[in-house]
Structure formats: structure tokens, C-alpha cells
Amino acid sequence: MNLSGSTAAILGFFLLLSPLCHASPADTVALWKGEKMPFGKEVTLYAYRAESPNGTAIVICPGGSYHWLDQSGEGFEVGEWLASKGITAFVLFYRTAGAAEIAWHTRLLFRGKRHPDMITDAQRALQYVREHSSTYGIDPERVGMMGFSAGGHLVMSAACFSGTDFLRAAGIATTASLRPAFVAAIYPVVTMRPPYVHCRSRRGLLGDNRVGNRILRDSLSLELKIPDDCPPVFLVNCLDDPVVDYHNSVLLDSALTRKGIPHVYHQYSRGKHGFGVSDYYGSPESRQWKEAFLNWLAGLF
């Protein structure tokens, strides 16, 4: 759906409250259970086991402007789809600012949830999946990430900042690699700088009292942060996207090209934003991304 402003906030609020309407995951994991999780109450990972697993696993990060999560269209439905293709899927409900923060500005007074909470959760998910790879019948060297919209920014952040151990600051020691094996960024937020920044996502990520911090903005503008060891990237967006300016993906494509990072970029003329893995939303053109992704992934391994 392509919504903005108060309508999006209301929708996000009800998405958070809605019951699960999809196939039940094999496991529901409280990622910080037994640990002192900073600045939050619960982060959940939902595992979808493939009937005939092919050894590949993907951590899925839904979008929602870093304020809420599209639990269904960019979460559970994605997990079901990947599992049906032999890929073990893990839907990550990472910390967000909260839908109410779109209207209220409590983080001017209180810290709330903000960077680096989200990337810490993403690294925690990678740690869990790799440390439990034998349980799920997956290859720890084939654990990638897929993210939509703001979730696309998060999975690319995991790729860009894999050399920074955010878990250590949370008191977690791990020997598991924090670098995803590959990344799929679907109509992602990329930059935190004008003129193409998605302002709501920037505010959700940085916090109300840090949106004017240029150093922090630049540090989280991923087109400036592609490392030499960035994993392969699958990138998709649409030119008619009314939510996240399509130049975000253009910036990322250019940055990956400059660094010589293996990647593919599918730019569709129509499809708008938020279509996820739906067979109905988007356009016939944009819905081709699913088959293109599976073909690309098969070529990696």
C-alpha cells in the first residue's frame, strides 16, 4: 500500500495489533531472553522451516519507516513464500520507534528506541541463526538477509557495518560471523541526506533530537559506507515509487558499482511501493522480482 502521514500511522498501529493470519512458524524465538536487552522489551524471530531445505537461510526485515513493521505483507507472507521454495526463513521483528512517535515527539525528552537498536537486533538474529544452523538444517555460510523499504536499509546496514560488533556493546560475546552471506534490498531506504532522504525513516532511525546531526546522517547514509568486503546484493525498486524516492536505489547501485561489489539491479517502471511478495499489489512488471531473485540466488550457490 502507498500511504503517508496520519493514515500510515493508523495503519501501522493496527498492523502491530493484528493477529497472525498466516501459516504458523515452526519456532518463535525471543532473541534477548535471558539477556539484558538495552532500551526495549522484546525482539522476536519467527522461523519458517522449508519442507525440503536447500541449506540456505534468510533473515527477513519488514519495512515501516523505522516506526512500525509491516508484519504481514513484508514479513509472514515473505517467510511462507521463501519456505515454499526450500529456503529456511526467519522473520525479524526488530525494535522500532513506534507508530505513535509519528504524531508524538516523546524522544525529544526520552531516549526511546533508535539507532543502534535496530542494527543490534539484526546482528543478534544473524548470531542466533548461525549458532542454531544444525537445528534448522542450514549452512551457516549461506545465511543472508532480505529487507523491504526501511528494512532494506537495515539489511544493507548489516552488510556495511558487519565489521562493527554492536552486540559487544550490549554485553553479548559471539564467535559467529556478523556478515550476511548476501543481501536482498527491496525498494530500500538508502540515504539519510537530502534531497532523496525518506524523512520519516530518518527520524525513526535517528530519534527526534538527532535528525539534525549531519555527522550521524552521513554515517548512516549507506551509499557512503559500502565496504570492500560487502556481500553480493540483489536490488529492486520502481521509478514510480511515491514513498521512497527511486534515487535511493540509484545511489546504492552506483556505490556498489564503484566498489566492484557483485550485484544486480532491477529497476521497474511501474509497481510503486510496498508490494512485498504479493500476487496482487504492485504491477505485473514489478512482481517479476521474485523469480529474478530465486534465479540470482541459485547462481550464488
Side-chain angles (χ1 to χ4, degrees), residues 1-5 7-16 18 22 43-46 58-82 89-99 101-102 113-115 117-119 121-122 125 144-159 180 183-192 196-206 220 222 233-238 240-246 248-249 252 268 271-278 281-282 286-287 289-290 293:
M1 296 182 182
N2 302 307
L3 303 171
S4 59
T7 303
I10 294 170
L11 174 61
F13 177 75
F14 283 105
L15 283 171
L16 290 170
S18 62
H22 303 278
V43 173
T44 308
L45 194 66
Y46 298 91
I58 298 181
V59 175
I60 302 158
C61 294
S65 304
Y66 280 125
H67 279 86
W68 68 86
L69 298 174
D70 182 353
Q71 297 181 0
S72 179
E74 296 174 352
F76 299 128
E77 291 179 6
V78 184
E80 293 169 11
W81 170 66
L82 289 173
F90 298 85
V91 180
L92 175 62
F93 281 10
Y94 55 91
R95 280 171 282 179
T96 62
E101 282 298 308
I102 294 176
K113 300 180 183 70
R114 66 186 191 188
H115 175 75
D117 298 346
M118 300 77 166
I119 183 64
D121 292 341
M145 304 189 81
M146 175 181 290
F148 300 80
S149 194
H153 183 275
L154 181 55
V155 298
M156 277 306 306
S157 295
V183 166
I186 316 302
Y187 42 82
V189 172
V190 173
T191 189
M192 294 290 128
Y196 304 126
V197 59
H198 185 241
C199 294
R200 189 168 61 236
S201 292
R202 180 175 65 186
R203 182 179 157 215
L205 180 64
L206 272 60
L220 296 172
L222 304 182
V233 176
F234 179 88
L235 176 61
V236 169
N237 79 323
C238 299
D240 66 345
D241 190 328
V243 178
V244 175
D245 191 297
Y246 77 90
N248 277 259
S249 290
L252 180 56
Y268 300 120
K272 298 190 177 181
H273 190 86
F275 44 84
V277 296
S278 171
Y281 297 120
S286 67
R287 290 193 289 270
W289 82 265
K290 293 184 290 182
F293 169 72

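Keep in mind that what you see is a predicted model, and the values were worked out from it rather than measured.
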* Side-chain donor/acceptor of K113 to backbone N/O of G98, under 3.5 Å ->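 Not confirmed, K113 side chain does not pair with G98 backbone.
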* To do: Output yes when a side-chain donor or acceptor of D245 lies under 3.5 Å from a complementary backbone atom of V197, and no otherwise.
  =>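 It does not hold such a pair.
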* Can you name the one residue among Y268, Y187, W81 that meets ring pair (Phe, Tyr, Trp, His ring centres under 6.0 Å) with W289? ->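 Per the ring pair (Phe, Tyr, Trp, His ring centres under 6.0 Å) rule, the option paired with W289 is W81, out of Y268, Y187, W81.
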Quick one: does [X]'s side chain get under 4.5 Å of [Y]'s, heavy atoms only?
X	Y	answer
V244	P188	no
M192	H153	yes
V190	Y196	no
Y46	I60	no
L92	V43	yes
Y94	I119	no

* Kindly state whether the ring of F148 and the ring of F275 have centres lying under 6.0 angstrom apart. =>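 Between F275 and F148, which both carry aromatic rings, the centre distance is not below 6.0 Å.
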I need the [X] [atom1] to [Y] [atom2] distance, nearest 0.5 Å.
X	Y	atom1	atom2	result
S201	L154	OG	CG	11.0 Å
N248	N237	CG	CG	8.5 Å
H115	L206	NE2	CG	8.0 Å
M118	S157	CE	OG	10.5 Å
L235	M156	CG	CE	8.5 Å
R200	R203	CZ	CZ	10.0 Å

Determine the minimum heavy-atom distance between [X] and [Y], stating which atoms define it.
X	Y	answer
V91	G75	CG2-O, 3.4 Å
S149	H273	OG-NE2, 3.0 Å
M145	A122	CE-CB, 4.0 Å
G204	A97	O-CB, 4.0 Å
S65	A150	N-CB, 3.7 Å
A125	L45	CB-CD1, 4.1 Å

* Does the pair K272 and C238 meet the rule for a side chain to side chain contact (heavy atoms under 4.5 Å, CB included), with working shown? -> CA-CA 6 Å; K272 298 190 177 181; C238 299; 5.9 Å; no
* Go through F293 and L82 one step at a time and tell me if the side chain to side chain contact (heavy atoms under 4.5 Å, CB included) criterion holds. => CA-CA 11 Å; F293 169 72; L82 289 173; 4.2 Å; yes
* **Derivation and outcome, side chain to side chain contact (heavy atoms under 4.5 Å, CB included), residues T96 and H67** => CA-CA 5 Å; T96 62; H67 279 86; 5.5 Å; no
* Parallel, tilted or perpendicular, as decided by the 30° and 60° cut-offs, for the rings of F76 and F93 ->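 The rings of F93 and F76 sit tilted, inter-plane angle from 30° to 60°.
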* To do: With side chain to side chain contact (heavy atoms under 4.5 Å, CB included) as the test, would you mind laying out the steps for V189 and L222 before giving the verdict?
  => CA-CA 9 Å; V189 172; L222 304 182; over 6 Å; no
